[in-house]
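Structure first, then comments.
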Protein chains: 2
Amino acid sequence: MLKLTRKLEYALIALRHIQGQATEKIVSTKEIAETHRIPLQLLAKTLQQLAKHNIIEAIQGAHGGYRLKKSLDNINMNALIQILEGPIGIMDCSADSNCVQLDICNIRKPINRVNEAIVSMFDNLTLADITRH
Amino acid sequence: MLKLTRKLEYALIALRHIQGQATEKIVSTKEIAETHRIPLQLLAKTLQQLAKHNIIEAIQGAHGGYRLKKSLDNINMNALIQILEGPIGIMDCSADSNCVQLDICNIRKPINRVNEAIVSMFDNLTLADITRH
DNA sequence: ATTAAATACGACTAAAATAATCGGATATGC
DNA sequence: GCATATCCGATTATTTTAGTCGTATTTAAT
Ligand code: SF4
Ligand code: SF4
């Protein structure tokens, strides 16, 4: 309950790892996976998602890997979560959510406010805040 | 990811329902379950947990049910979560967590700060805040 | 050219967490 | 005594998350 996913953790670990290297160094998935004992394939797919969304840049072929494409100051946690997991929703109140309680629910509004508070918290947290400290 | 559980939702819905009744009225699980289309057995067990922790008072036997035992102003969301789901942890960093990354993890501290921020948010949110609006 | 090392990606399987149900016990008002 | 409730452990079902597999493609080095 209220847990982050491993995928998200792996992404943060990887971003911090990449940031710790020389700016132009190309870091391979393997290097990150071995350093931090992350399952290689899972990390690979995660990094591919980040590359597709222009957070990191992929260099293919032998001696390929990734390097940062944006400054981590300019990306917030909410954006990262959005990329990897979709929008934050502490519960599922959308129209197509087929929640049987939907139209008779007596806690929907306050719960939505809580959700917004969490979203806003992650909005105000840059990846640099996390990868720097 | 970052979702509340149904059990917790059901508890909130039930507490709000009970609060909406006359102060001394005894409300049965069945009444709440039918009004809000919540699975009876699951709600029953949830309310039992709340009763055990003195948030509501159980009246057994025919015409039994529950009524509030504490003012909802004096209970915060964090306490409710603690009762129903245990401590909030957006990830599992305890000593016995057998996370293989534990001793080489480069995001542990910042993640713990995020966790504390969430806990503190739920600490400052009373059940009355949720059941009233 | 061939090989080795890397990303790219869809499909699949495994594991864990959550949600719901079942079966019975106990209590109590009428 | 019976109907209606709470109580509660055990089990099953469902959903979500985590991880793996197989294969294709790219590219540097030889
Ligand atoms: S808050 Fe109410 S409507 Fe929204 S998902 Fe929970 S029960 Fe359904
Ligand atoms: S933050 Fe690091 S140590 Fe904590 S659970 Fe996640 S990976 Fe493991």
Side-chain angles (χ1 to χ4, degrees), chain A residues 1-11 13-14 18 25-34 36-53 55-67 69 81 84-86 88-92 97-101, chain B residues 1-11 13-14 18 25-34 36-53 55-67 69 81 84-86 88-92 97-101:
Chain A
M1 207 214 103
L2 280 176
K3 280 225 174 85
L4 302 181
T5 61
R6 280 292 181 179
K7 198 161 76 168
L8 185 56
E9 283 194 76
Y10 296 159
I13 290 173
I18 296 172
K25 179 177 175 199
I26 292 165
V27 186
S28 75
T29 308
K30 196 177 171 193
E31 172 183 329
I32 301 171
E34 286 179 352
H36 294 95
R37 300 205 203 141
I38 298 173
L40 178 67
Q41 307 266 35
L42 188 49
L43 179 62
K45 291 211 298 192
T46 306
L47 294 180
Q48 282 156 30
Q49 281 185 273
L50 298 188
K52 192 182 303 182
H53 288 86
I55 288 180
I56 53 181
E57 178 185 10
I59 290 93
Q60 287 196 322
H63 301 106
Y66 298 94
R67 65 187 156 206
K69 196 163 180 185
I81 290 174
L84 295 176
E85 312 287 348
I88 291 175
I90 59 174
M91 63 191 50
D92 192 21
S97 70
N98 65 28
C99 170
V100 290
Q101 282 90 13
Chain B
M1 206 214 106
L2 280 176
K3 279 227 174 83
L4 301 181
T5 62
R6 279 291 180 180
K7 198 160 76 168
L8 185 56
E9 283 195 78
Y10 296 159
I13 290 172
I18 295 172
K25 178 175 175 201
I26 292 165
V27 187
S28 75
T29 309
K30 196 180 172 192
E31 173 183 328
I32 300 171
E34 286 179 351
H36 295 95
R37 300 205 204 138
I38 298 172
L40 178 68
Q41 307 266 36
L42 188 49
L43 179 62
K45 291 214 295 194
T46 306
L47 294 180
Q48 283 156 29
Q49 282 185 272
L50 298 188
K52 192 183 300 182
H53 287 86
I55 287 179
I56 54 182
E57 179 185 9
I59 290 94
Q60 287 196 321
H63 301 106
Y66 297 94
R67 65 186 156 208
K69 196 163 179 185
I81 290 174
L84 294 175
E85 312 287 348
I88 291 174
I90 59 175
M91 63 190 50
D92 193 22
S97 69
N98 63 30
C99 170
V100 291
Q101 282 89 13

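Naming: A, B, ... by sequence-line order, numbering from 1 per chain.
Nearest to the side-chain atoms of Gln48(B) among the listed nucleotides dG19(D), dA8(C), dC7(D) stands dC7(D). Among the nucleotides dT18(C), dC7(D), dC9(C), the one closest to the side chain of Thr5(B) is dT18(C). Nearest nucleotide to the Ser28(A) side chain, out of dC9(C), dA5(D), dA6(C): dA6(C).
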Just the table, please: protein N/O against nucleotides 14-17 of chain C N/O, every pair under 3.5 Å.
none

For nucleotides 26-30 of chain C, give me every protein contact, N/O to N/O, under 3.5 Å, one pair per line with atom names.
residue, atom, partner, partner atom, Å
dA27(C), O4', Gln60(B), OE1, 3.4
dA27(C), O3', Gln60(B), OE1, 3.4
dT28(C), O2, Ala62(B), N, 3.3

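Regarding contacts with the backbone of dA6(C), every side-chain N or O of Thr29(A) stays at 4.0 angstrom or more from both OP1 and OP2. Close to dA20(C), at under 4.0 Å from its OP1 or OP2, lies a side-chain N or O of Tyr10(B). One finds no side-chain N or O of Tyr66(B) lying less than 4.0 angstrom from the OP1 or OP2 phosphate oxygen of dA5(D).
Put simply, the side chain of Lys7(B) does not reach to within 4.5 Å of the side chain of Met1(A), judged on heavy atoms. The shortest side-chain heavy-atom distance between Lys52(A) and Gln49(A) does not fall under the 4.5 Å cut-off.
Looking at Lys30(A), its side chain has no donor and acceptor atom pair within 3.5 Å of the base of dT7(C). Between the base of dT20(D) and the side chain of Lys45(A) there is a donor-acceptor pair shorter than 3.5 Å.
The backbone N or O of Asp92(A) sits less than 3.5 Å from a side-chain atom of Ser97(A), completing a donor-acceptor pair.
Ile32(A) CD1 to Ile38(A) CD1: the interatomic distance, rounded to the nearest 0.5 Å, is 7.5 Å.
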